[in-house]
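Note sheet for the following structure.
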Amino acid sequence: IMPSRSPSSRENETLSTAVKCSVLISCLTFLIKYSFRPISFETMKKQMGRNWKKDRLFSLVVPAYETEEKYLRELIDAVISQTYVNWELLIVDSSESEAVSRVVDAYKDKRIRYIKLKENKGISANTNTGIAKARGEYIGLIDHDDFITPNALFEFAIALEKADDEGKKYAFIYSDEDKCDSMGVKFFEPNIKPGFNLDLLLTNNYICHFLMVEAGLLKNLKLRPEYD
C-alpha cells in the first residue's frame, strides 16, 4: 500500500483548476453534441393507447397577464397535444385587457378552465387562486410563455405509476428543461437536472420548471408573495 500525504495548498489549487477545466470541457462537449429531438408520431400514438392502472388527473395552473397571443396559443396547443389526456388547464387571468380571454375563448376544450381575477395581486397570489380551484391529484406550475413537450405529462404519469408499484408517494416531481428562441425552433440551454438533492436545493433552485406537486401539500403550503 502506497503511503498517502496531504497535498499542499498549491497542489490543491492546481487540482481544483484541473477539475474545473475538466467539467467545463465536458459541458462544452455535451452542448456541441446536444440537439432536441421530438418524439416520433409512432411513439406518441403508442403512449396515447397505454392502459393506466390509475388514471390520475393532473391540474396545470398558469397565471397569465397580458400574454402575447402567440405564446399563449403555443402553451395551450402544447397542453392539448399531450399524449397523457387526463388533465385540466387552469388559466388565471389578471390582465386589464381582454387579450387572454379572447385567445382562451377560441378553444372549446372543456378541460380548459378560465378564471378571471378582479385585480392583479402578484404571481404568487394569482397562482394560489388557481391552486385552490384545482381538482387534480397533482398540480403542475407553468409560466404563461412556456410550453411543454407532448410526452411531458406521460413521463410524469409513468414515474408516479412506478412509485405506486414500489409503495411510494412522491411529494413532488420535476423534469429537465431547456430554453429556446422566440420561434420555438432552436433549443440552446438545456438544464439536465440531478435526482433530488436537498443540499443543492437549499442553495440553488435547480428544480424550477417543470414542477408538479401533490395537491394536498401544495394547497396547504401555498405560494408566498415574498418570493415573487
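Counting begins at 1 with the first residue of the sequence.
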Practice prompt. Give the C-alpha distance, both sets of side-chain angles, the deciding distance and a yes or no for side chain to side chain contact (heavy atoms under 4.5 Å, CB included) between Asp93 and Leu117.
Written response: CA-CA 6 Å; Asp93 182 18; Leu117 300 179; over 6 Å; no

Worksheet item: Could you walk me through whether Ser124 and Thr127 pass the side chain to side chain donor-acceptor pair (under 3.5 Å) check?
Response: CA-CA 5 Å; Ser124 293; Thr127 304; over 6 Å; no

Practice prompt. Let me see the working for Phe196 and Tyr174 under ring-ring contact (aromatic ring centres under 6.0 Å, His included), right down to the final yes or no.
Written response: CA-CA 9 Å; Phe196 181 66; Tyr174 57 92; 7.3 Å; no

Discussion item. One pair to check against side chain to side chain contact (heavy atoms under 4.5 Å, CB included): Lys133 and Leu90. What are the steps and the verdict?
Written reply: CA-CA 8 Å; Lys133 295 180 179 296; Leu90 293 85; 4.1 Å; yes

Practice prompt. Could you give me the CA-CA distance, side-chain angles and deciding distance for Arg113 and Arg135, then say whether side chain to side chain contact (heavy atoms under 4.5 Å, CB included) is met?
Written response: CA-CA 11 Å; Arg113 299 170 59 193; Arg135 298 178 294 213; 3.4 Å; yes

Discussion item. Show, in sequence, the C-alpha distance, side-chain angles and deciding distance for Glu214 and Lys219, and conclude whether the side chain to side chain contact (heavy atoms under 4.5 Å, CB included) test is met.
Written reply: CA-CA 9 Å; Glu214 193 276 320; Lys219 287 174 182 284; over 6 Å; no

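Note: Met44 CE to Thr149 OG1 = 9.5 Å, rounded to the nearest 0.5 Å. Rounding to the nearest 0.5 Å places CZ of Arg111 at 10.5 Å from CG of Leu60. The CD1 atom of Ile112 sits 5.5 Å away from atom CG of Leu89, with the distance rounded to the nearest 0.5 Å. Taken to the nearest 0.5 Å, the CD atom of Glu74 stands 11.5 Å off from the OG atom of Ser81. We find the CD-CD distance between Glu161 and Glu166 to be 11.5 Å, quoted to the nearest 0.5 Å. The distance from atom CD1 of Ile123 to atom CG of Asn128, rounded to the nearest 0.5 Å, is 10.5 Å.
When only modelled atom types and interatomic distance are considered, Glu119 and Ser94 share no side-chain donor-acceptor pair under 3.5 Å.
Linking ILVMFWY side-chain heavy atoms closer than 4.5 Å, directly or via other members, places Leu141 and Val79 in two distinct hydrophobic clusters. Neither Ile142 nor Phe147 shares a network with the other; the hydrophobic side chains, linked directly or stepwise wherever heavy atoms of I, L, V, M, F, W or Y lie under 4.5 Å apart, form separate groups for each. Cluster annotation: Leu218 and Tyr170 are assigned to distinct hydrophobic clusters (Ile/Leu/Val/Met/Phe/Trp/Tyr, side-chain heavy-atom contacts under 4.5 Å, transitive). Residue Ile173 is not grouped with residue Leu198 when hydrophobic side chains (ILVMFWY) are merged at heavy-atom distances under 4.5 angstrom, including chains of intermediate members. Both Phe210 and Ile80 are members of a single hydrophobic cluster when ILVMFWY side chains are connected at heavy-atom separations under 4.5 Å.
Judged by distance alone, with hydrogens and angles left aside, the side-chain atoms of Tyr206 form a donor-acceptor pair with the main-chain N or O of Asn197 at under 3.5 Å. Side-chain atoms of Glu66 come within 3.5 Å of backbone N or O of Glu96 as a donor-acceptor pair. Of the possible polar contacts, one joining the Asn86 side chain to the Arg56 backbone as a donor-acceptor pair under 3.5 Å is found. A distance-only check finds a donor-acceptor pair linking the side chain of Ser59 to the backbone of Gly136 [under 3.5 Å]. A donor-acceptor contact shorter than 3.5 Å links the side chain of Lys193 to the backbone of Ile207. Side-chain atoms of Lys108 come within 3.5 Å of backbone atoms of Asp105 as a donor-acceptor pair (strictly under, hydrogens ignored). Within the 3.5 Å criterion, the main-chain N or O of Asp146 finds no donor-acceptor partner in the side chain of Asp143. Remark: the backbone N or O of Gly122 is paired with a side-chain donor or acceptor of Asn126 at under 3.5 angstrom.
In this structure, Val103 and Ile76 have side chains that are in contact, with non-hydrogen atoms separated by less than 4.5 Å. Lys45 has its side chain out of reach of Thr83: every pair of non-hydrogen atoms, C-beta onward, lies at least 4.5 Å apart. At a threshold of 4.5 Å between non-hydrogen side-chain atoms, the residues Lys222 and Ile131 do not count as touching. Considering only heavy atoms from C-beta on, Leu153 comes within 4.5 Å of Met212 through its side chain.
Evaluation of the side chain to side chain contact (heavy atoms under 4.5 Å, CB included) rule for Lys46 yields no partner, not counting sequence neighbours. In this structure, the side chain to side chain contact (heavy atoms under 4.5 Å, CB included) partners of Arg102, at least two apart in sequence or on a different chain, are Glu98, Ala99.
When the shell of 6.0 Å around NZ of Lys121 is examined, it contains 12 or fewer heavy atoms from other residues, nucleotides or ligands. By the 6.0 Å contact criterion, NZ on Lys169 is enclosed, its count of non-hydrogen atoms from other residues, nucleotides or ligands being greater than 12.
Closest heavy-atom contact between Val92 and Gly130: CG2-CA, 3.7 Å. When all heavy atoms of Val61 and Ile139 are compared, the closest pair comes out as CG2-CG2, 3.7 Å.
The stretch residues 76-127 participates, sequence neighbours left out, in these ring-ring contact (aromatic ring centres under 6.0 Å, His included) pairs: Trp52-Tyr84, Phe58-Tyr84.
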